[in-house]
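One structure is given below, encoded as structure tokens.
A note on names: the letters A, B, ... follow the listed sequences, proteins ahead of strands, and every chain is numbered from 1. Heavy-atom basis, side chains included; hydrogens, waters and symmetry copies ignored. What you are looking at is a predicted structure, and each value in this text was computed from that prediction instead of being measured.
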Amino acid sequence: MLDKTGIAQRIAKEVKDGYYVNLGIGIPTLVANYVRNDIEVEFQSENGVLGMGPFPFEGEEDADVINAGKQTITTLPGASFFDSALSFSMIRGQHVDLTILGAMEVAENGDIANWKIPGKMVKGMGGAMDLVASAENIIVAMMHTNRAGESKLLKRCSLPLTGVACVKKIVTNLAVIEVTSKGFKLLERAPGVSVDDIKNATEGTLLIEGDIPEMAF
Amino acid sequence: MLDKTGIAQRIAKEVKDGYYVNLGIGIPTLVANYVRNDIEVEFQSENGVLGMGPFPFEGEEDADVINAGKQTITTLPGASFFDSALSFSMIRGQHVDLTILGAMEVAENGDIANWKIPGKMVKGMGGAMDLVASAENIIVAMMHTNRAGESKLLKRCSLPLTGVACVKKIVTNLAVIEVTSKGFKLLERAPGVSVDDIKNATEGTLLIEGDIPEMAF
Amino acid sequence: MINKKVANITEALEGVSDGMTFMLGGFGLSGIPENAIAELVKRGISGLTCISNNAGVDDFGLGLLLQKRQIKKMISSYVGENEEFERQMLSGELEVELIPQGTLAERCRAAQAGIPAFYTPAGYGTEVAEEKETREFNGKMYVLEHAFKADFAFVKAWKGDEAGNLIFKGTARNFNPVMCGAAKITVAEVEEMVPLGQLDPNQIHIPGIFVQRIIQGTHYEKRIEQRTVRQRSSEN
Amino acid sequence: MINKKVANITEALEGVSDGMTFMLGGFGLSGIPENAIAELVKRGISGLTCISNNAGVDDFGLGLLLQKRQIKKMISSYVGENEEFERQMLSGELEVELIPQGTLAERCRAAQAGIPAFYTPAGYGTEVAEEKETREFNGKMYVLEHAFKADFAFVKAWKGDEAGNLIFKGTARNFNPVMCGAAKITVAEVEEMVPLGQLDPNQIHIPGIFVQRIIQGTHYEKRIEQRTVRQRSSEN
């Protein structure tokens, strides 16, 4: 079974040379730490920066240089700042190659819910609705089950949707899953996790074809 | 009777303190020369400059600093350059206070035609359609009649329209005219021009109420 | 040049009153119009509708207006990090309209640009598209969204001049430029007011035509919401 | 950083072919992609649709492509100052779609921004709105306009770096920024290629994400269309 870092590490393998990538808050933010050094990738944050670098050294934080998670950041040579309209031109206009974000629920048709629990929690969708409605390549990073042990990979989402039929791939603590027209297709198992473990933790249709390899890092 | 310079001079009186003004090609461009020195006005050109100054001194022309008439210009302190989308945000968003442009024909309901003579001349509308569809304050600068001596102030335009019911005021070589819901209202006569002269040169409905004063400069 | 400079924040906010709709720049606490918010709190006007990407934190930014119950309705994309906000919203005291962040930006930009409405894919098939017109273009579904209407836009810039020209810094830029000229009156506060002619005309982010009033701001706190650092010993 | 630099104009134009639709920056002869146009003339590809505010003059800019009959259709706002253009248009050899300048800019920007369509007041009640959907918003009539679709955008900037970041100069900016990312492939040519990191991140007009290929341009003529000057003896 993977921890959050492990999920981030596995997703980092999906990041290809020449990609512009938008990372959501939480696990997705960690992905930046594990991208190979020999490829060129630029990270975009929807609050208005392209070419994000690592967190600043202590004492070098700048209140005017943050990411969408409101964390202080740095920029790399070649970076740029821009306004929110141009930022979403990048996103809506499909100039960003890969979007990695968290979710509360994903349905087997690719629907995603991650912004609202009616009557309980309403933080808002931020840029997530724009991202999932626009991106051609969306990977969800999340735990396979919620705190109550219930599956987050469902036949249909029960929570208000963020986007419809948009998720292409899911990486959880248990598995790598591709969203296909027939349901969740199991691609890889996490180390030490059996196909049955994944089956038990998946409410939606799980397609298992042939031997399912263990994730390699 | 006024010459082109005279028309420009008379229109300059319509330019008020604090106005952002867009000047069309031809007579309108001359207006800038006659605006009072004791008021603050900024000239916008739709190709992407606000705060235009006079033409450059010989030898100081810059191919990268022109107006919408493709003339070399200068800028004043406080000027700015911007792209065509933001330029038309200024125009369409009604941030420009006054638009002065030429016309081939104006109708008594405020319709204007100035971009095309079917089968003969098709230079295009440039920014004129955006300007007349957006501006709340449009003054037309033109000769009262065309080269053939025919009136350019008509009941209805015969040429393809640039905009509908948008012209507010017309300054010609003969008169200052306001466009009202009842037709062309004569406000002022050019020096040495009689009301009958104007009547004869106006095809559209001309409203004459009381004594018509001669223009003052 | 047309002079937009006003003497102080009192003059800058002349005309604000109960029940108005305001746009406020900023993302989180970065680039928020601190002086305008402080003055709004001081004046105690209420029943406000605020269009702002976020709602501040409990004791800073728009949180200060929420504490005093001056806000009737928030139009935002993300309102986490604020307990008082969540309490007022869940209890129904505060009306909240949550909309996608890109749609929020584009509805401001549409108001600035004289575009009454546009189509966006964001939110299609979700509750934010309920009761909205949807339409297919090139095989994909889109939602019709309208330009915002607001009485005042309060923005904060890094540098400005008396002509109202503005330059922003880093990610404190965010929604500030797209709100300029998107309301009837735009009030800009700047960290540094520079002499006319000092800003390079090529490098002005927002030309003064979009700004009605500009002031030299004071006492900027520029609070950091999530101070994240790395150790000097670490790689990189 | 993702490196967008290509060695020369031949490489920059790889993939262009007969019958394609191109966007070309520039206003009059200011800010036009001189190197790209020269290469298109050299390659002799034809049947082109060109989206460009103007059509050059007889012997420069897009006029060079017109002379060689490489253009099938022009989409522009203003095409005066070009006799060969007028001749081809009036004789029917050249297809011409004239659209309002602001609409031209916004249709490029819409393509860049993933907005499939928007409403504008420009052209309502005129022949440019014929067969287009019109609609009332707040008592005023608007026309529905769509994002452009193009294969290549050719733009010209002042400075750029290998990440594709661009800075424009003066009114040579015009349509260039709004065409970046508005076509499948955007090719930027720059007067000066600067080392990565030399451009201030605050001052970049177009981030490299909108640009697929960038080259150091050569032999810029930068012709002036209307050289207007004042006498040193005059007032002012």
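You'll find the side chain of D/Arg109 reaches within 4.5 Å of the side chain of A/Ser89, heavy atoms only. A 4.5 Å side-chain heavy-atom check between D/Pro207 and A/Leu86 finds at least one atom pair inside the cut-off. Within the 4.5 Å cutoff, the side chain of D/Ile209 has heavy atoms near those of the A/Val96 side chain. Residues A/Met90 and D/Phe210 are in side-chain contact: their nearest non-hydrogen atoms beyond the backbone lie under 4.5 Å apart. Residues D/Asn3 and A/Glu40 have side chains not in contact (no heavy-atom distance under 4.5 Å, counting atoms from C-beta outward).
Contact tally against chain A (heavy-atom pairs below 4.5 Å) for D/Gly164, D/Gly114, D/Ala111, D/Ala113: the top residue is D/Ala113. Counting heavy-atom pairs under 4.5 Å between each of D/Ala110, D/Gly181, D/Ala163 and chain A puts D/Gly181 at the top.
Taken from CG in D/Asn202 to CG in A/Asp64, the straight-line distance is 9.0 Å, to the nearest 0.5 Å.
With a 4.5 Å cut-off on non-hydrogen atoms, A/Tyr20 touches chain D through its backbone and its side chain both. In this structure, no portion of A/Gln94 lies under 4.5 Å from any heavy atom of chain D.
Heavy-atom contacts from other residues, nucleotides or ligands closer than 6.0 Å to NZ of A/Lys4 number 12 or fewer. Atom NZ of D/Lys5 has 12 or fewer neighbouring heavy atoms from other residues, nucleotides or ligands inside a 6.0 Å radius. In A/Lys155, the NZ atom is crowded: over 12 heavy atoms of neighbouring residues, nucleotides or ligands sit closer than 6.0 Å. Remark: D/Glu127 CD is packed, more than 12 non-hydrogen atoms of other residues, nucleotides or ligands lying under 6.0 Å away. More than 12 heavy atoms of other residues, nucleotides or ligands sit less than 6.0 Å from atom CG of A/Asp38. Counting non-hydrogen atoms of other residues, nucleotides and ligands closer than 6.0 Å to NZ of D/Lys184 gives a total of 12 or fewer. Environment of CZ in A/Arg156: sparse, with no more than 12 heavy atoms of neighbouring residues, nucleotides or ligands closer than 6.0 Å.
Under the 3.5 Å distance criterion, the side-chain polar atoms of D/Asn165 are matched with a main-chain donor or acceptor of A/Gly78.
In terms of heavy atoms, A/Ser80 sits closest to D/Ile204 at CB-CD1, 3.8 Å.
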